[in-house]
Novice: 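First the structure, which I've put down as structure tokens, then a few questions once you've had a look.
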Amino acid sequence: MPTDAPPPDGPAPVEVAPRARPAYAAPARLWRALDRHRPPGVDVVDRAWRSPVRGPWLTSVLGAVLLATLPLVIVTGLLDWIAYGPRFDQAFPRDVGWLHPPVFDWPTRPAWLFRLTQGLHVTLGIVLVPVVLAKLWSVVPKLFAWPPARSVAQVLERLSLLLLVGGILFQSVTGLLNVQYAYLFGFDFYTAHWYGAWIFTAALVTHVAIKLPRMVTALRGPGFARTPVGRTAPEPADPDGLVARRPGPATMSRRGVLALAGGGALLLAALTVGQSVDALRRTALLLPRSRRVDDGPTGFPVNRTAAAAGVTADRTGPGWRLSLRAGDRTVTLDRAGLLALPQHTATLPIACVEGWSTSQTWTGVRLRDLAALVGAADPAAARVRSLERSGLFHRATLHGGQVTDPDALLALRVNGVDLSPDHGFPARVVVPALPGVHCTKWVEEIVFDG
Amino acid sequence: MADLRRAYGAAAWHLLLTVGCLAVAGWVALRLAGEPTAGRILLWFVGAAVVHDLVLFPAYAVADRALGRAGRSLRNHVRVPAYASALLFLVYLPGVLGLGDGTYAAATGLAPEPLLGRWLALSAGFFAVSALLYAARRLRRS
């Protein structure tokens, strides 16, 4: 970024006074020896930093933006795990030891709740990439500073920074690959993203606690938000060594750098929100969920095809039966029998953990009416099983509130036509605010518990 | 307390925080140690930081410095569209390069669509707009 050979105009390069050497903590002899034995190259690198805009102010502005936004990504990620229903052992990873957030039954209202939380998690995660990269750019000279530490405190802090930087990059990369269906990493996404999040969160809390006073001081000091490139000059040397020792002339103002990061974020937002807003779907030009299957009423995006699930036409044809059970009562219905029951229509979103969502108008039988058929007026839970035999989501458990919600359906039709095979024909579950993978398709059995 | 500060190099709460943070990471490492893919997870975690710091950053810094030979007024007109194009490539890389192993088709019921053309078109658009703005500025100045 801003580096340059001397241009004809603009301010002349300024030599910033060398920083005062901080004292060495124990064991002082070790740190002093380290400082004295400078590996080849470190002085070259130290003098090579040119950008005059690096400094506490720019780093603090970027830090403040991330401090305001990253907690949202972290919290929505945790909410996603809770929405999966850890009480029924169906949140991944299953066994999380003592890093167990407080668990509650995921509500069914507002119906767009999961659409919002998961859409925010994925979209914000993507949108923040340029801000994270700019923040890393603003502090990168510290990585090459010599000596790497002058105290045990600095050694520990640098280790925590490796966890911070490794953490945010790991979370971004695994998340980006997951939402784009490129499982190049070869490990379980849920496990890695979950534990990566905890490492990153711990490192973020540590970093914020240590650096917050610095950030506040820098933001309270003279600002540079209005300084044009012609008057852009380096800040005075700072104790963290962010300001270049031999800065070049400015080729971009600080507000220019911020506009670049912010503009990048807006560009990514414009190319990502289409995954979550039906009317804008085609604008997600470079993402997998910019496409409809076709223009018909069942052409909205599919999460798992009948072929991939191994659900064949002979099992969903006239021979298909739905079995309802509660205690020792069992009722079996065919599709005509279901269509003869009172039908209810609701417009509800299907929202995927990968961040995309779509709102459609579903028609079918209320789950609570099905429960009543087998004498379970107020069930505590319902275990739904699909014709699909394998796969992580061939069955799902719903809690009582999800069964009895007036819009919780066993949908038979969508947008006025029969479900298509890929959308779960002959029958699928649709419940307000329920994660998409638990809206089980090709349902063959529902067991209502107590 | 002052002794600790002098010996350690920071206040006691600093020690508490950093040790706490490393303890969380250590606990996670212990939990994952039994996973058959633990080595790969560690490789991607450390690799992400190494690739950013020692490959991505030097690459764009060198490219930017090479731009320094262009005139100052032209420079940002190359820099900004190149940045936008590179950012999209980086973020949407799996789609642009068509990576993946059939998961896409199984999930969506659609054949993967090559997005390289779209990315090239967007990039061309960025450079074209920037070139137009540059030309307009030059015209206004002369």
Novice: Would you mind checking which part of Arg31(B) comes under 4.5 Å of any heavy atom in chain A, side chain (CB onward), backbone (N, CA, C, O), both or neither?
Specialist: side chain
Novice: Pick from Gly196(A), Gly186(A), Ala309(A): which one has the most heavy-atom pairs with chain B under 4.5 Å?
Specialist: Gly186(A)
Novice: For Arg5(B), does the CZ atom have more than 12 heavy-atom neighbours from other residues, nucleotides or ligands under 6.0 Å away?
Specialist: no
Novice: Looking only at non-hydrogen atoms, find the nearest pair between Asn178(A) and Phe189(A) and report the distance.
Specialist: ND2-CE2, 3.3 Å
Novice: Check whether any side-chain heavy atom of Arg282(A) sits under 4.5 Å from a side-chain heavy atom of Arg291(A), and report yes or no.
Specialist: no
Novice: Heavy-atom pairs under 4.5 Å with chain B: which of Ala26(A), Ala182(A), Ala153(A), Ala28(A) has the most?
Specialist: Ala153(A)
Novice: For Leu143(A), which atoms come within 4.5 Å of any heavy atom of chain B: side chain, backbone, both, or neither?
Specialist: side chain
Novice: Measure the shortest side-chain to side-chain distance between Thr358(A) and Arg281(A) over non-hydrogen atoms and say whether it is less than 4.5 angstrom.
Specialist: yes
Novice: Which one wins on heavy-atom pair count under 4.5 Å against chain B: Tyr195(A), Trp198(A), Tyr183(A)?
Specialist: Tyr195(A)
Novice: So which part of Thr201(A) gets closer than 4.5 Å to some heavy atom of chain B, the side chain, the backbone, both or neither?
Specialist: neither
Novice: Honestly, is Arg54(A) close enough over Trp137(A), meaning NZ or CZ under 6.0 Å from the six-membered ring centre and within 45° of the axis?
Specialist: yes
Novice: What part of Val155(A) gets closer than 4.5 Å to chain B, counting heavy atoms only: side chain, backbone, both or neither?
Specialist: neither
Novice: Side chain from CB out, backbone as N, CA, C, O: work out which of these in Asn76(B) comes under 4.5 Å of a heavy atom of chain A, or both, or neither.
Specialist: side chain
Novice: Tell me, out of Leu32(B), Thr103(B), Leu22(B), Ile41(B), who's got the most heavy-atom pairs with chain A below 4.5 Å.
Specialist: Ile41(B)
Novice: Side chain, backbone, both or neither: which part of Val293(A) has an atom under 4.5 Å from a heavy atom of chain B?
Specialist: both
Novice: Does any backbone or side-chain atom of Leu99(A) lie under 4.5 Å from a heavy atom of chain B? Answer side chain, backbone, both or neither.
Specialist: both
Novice: Of the backbone (N, CA, C, O) and the side chain (C-beta and beyond), which part of Pro288(A) lies under 4.5 Å from a heavy atom of chain B, both, or neither?
Specialist: both
Novice: Can you tell me how the ring of Trp27(B) sits relative to the ring of Trp98(A), calling it parallel under 30°, perpendicular over 60° and tilted otherwise?
Specialist: tilted
Novice: Could you check which of Leu87(B), Val80(B), Leu56(B) has the highest count of heavy-atom pairs closer than 4.5 Å to chain A?
Specialist: Leu87(B)
Novice: Let me know if Ala11(B) has heavy atoms under 4.5 Å from chain A in its side chain, its backbone, both or neither.
Specialist: neither
Novice: Of the backbone (N, CA, C, O) and the side chain (C-beta and beyond), which part of Ala111(B) lies under 4.5 Å from a heavy atom of chain A, both, or neither?
Specialist: backbone
Novice: Which region of Leu271(A), side chain (C-beta onward) or backbone (N, CA, C, O), has a non-hydrogen atom less than 4.5 Å from a non-hydrogen atom of chain B, or is it both or neither?
Specialist: both
Novice: Of the backbone (N, CA, C, O) and the side chain (C-beta and beyond), which part of Leu163(A) lies under 4.5 Å from a heavy atom of chain B, both, or neither?
Specialist: both
Novice: Please examine the side chains of Arg79(B) and Thr251(A), heavy atoms only from C-beta on, and report whether any two atoms are closer than 4.5 Å.
Specialist: yes
Novice: Please state whether the side chain, the backbone, both or neither of Val19(B) comes within less than 4.5 Å of a heavy atom of chain A.
Specialist: side chain
Novice: For the residue pair His14(B) and Tyr8(B), is the inter-centroid distance of their aromatic rings smaller than 6.0 Å?
Specialist: yes
Novice: With only heavy atoms counted, which part of Phe89(B) is less than 4.5 Å from chain A, the side chain, the backbone, both or neither?
Specialist: neither
Novice: State, to 0.1 Å, how close Ala306(A) and Pro421(A) come at their nearest heavy-atom pair, and which atoms those are.
Specialist: CB-O, 3.9 Å
Novice: Does any heavy atom of chain A fall under 4.5 Å from the side chain of Arg6(B), the backbone, both, or neither of them?
Specialist: backbone
Novice: Heavy-atom distances under 4.5 Å only: say whether Leu93(B) touches chain A with side chain, backbone, both or neither.
Specialist: backbone
Novice: With a 4.5 angstrom heavy-atom cut-off, which part of Arg292(A) approaches chain B: side chain, backbone, both or neither?
Specialist: backbone
Novice: Picking from Leu176(A), Ile168(A), Ile210(A), which has the most non-hydrogen pairs under 4.5 angstrom with chain B?
Specialist: Ile210(A)
Novice: Can you tell me which portion of Val91(B) sits under 4.5 Å from chain A's heavy atoms? Options are side chain, backbone, both or neither.
Specialist: both
Novice: Would you mind reporting whether Thr108(B) and Arg289(A) have side-chain heavy atoms less than 4.5 Å apart?
Specialist: yes
Novice: Heavy-atom distance under 4.5 Å between the side chains of Trp44(B) and Phe187(A), does that happen here?
Specialist: yes
Novice: Does the side chain of Arg118(B) come within less than 4.5 Å of Ser290(A)'s, by heavy atoms?
Specialist: yes
Novice: So which part of Leu54(B) gets closer than 4.5 Å to some heavy atom of chain A, the side chain, the backbone, both or neither?
Specialist: side chain
Novice: Are Asp64(B) and Arg75(B) side-chain neighbours, meaning at least one heavy-atom pair lies under 4.5 Å?
Specialist: yes
Novice: Quick one: does Val122(A)'s side chain get under 4.5 Å of Val353(A)'s, heavy atoms only?
Specialist: no
Novice: Evaluate the criterion side-chain contact (heavy atoms from CB on, under 4.5 Å) for residue pair Leu115(B) and Leu285(A); output intermediate values, then yes/no.
Specialist: CA-CA 8 Å; Leu115(B) 300 178; Leu285(A) 287 174; over 6 Å; no
Novice: So which part of Leu67(B) gets closer than 4.5 Å to some heavy atom of chain A, the side chain, the backbone, both or neither?
Specialist: neither
Novice: Between Ala203(A) and chain B, with a heavy-atom cut-off of 4.5 Å, which part of the residue counts as in contact: side chain, backbone, both or neither?
Specialist: both
Novice: Could you look at Phe57(B) and say if it's the side chain, the backbone, both or neither that has a heavy atom under 4.5 Å from chain A?
Specialist: side chain
Novice: For Leu15(B) and Thr18(B), which heavy atoms make the closest approach, and how far apart are they?
Specialist: O-OG1, 3.2 Å
Novice: Quick check on the interface: out of Thr191(A), Leu133(A), Val205(A), Val165(A), who has the most heavy-atom pairs with chain B under 4.5 Å?
Specialist: Leu133(A)
Novice: Please verify the inter-ring angle class for Phe170(A) with Phe45(B); under 30° counts as parallel, over 60° as perpendicular, anything in between as tilted.
Specialist: tilted
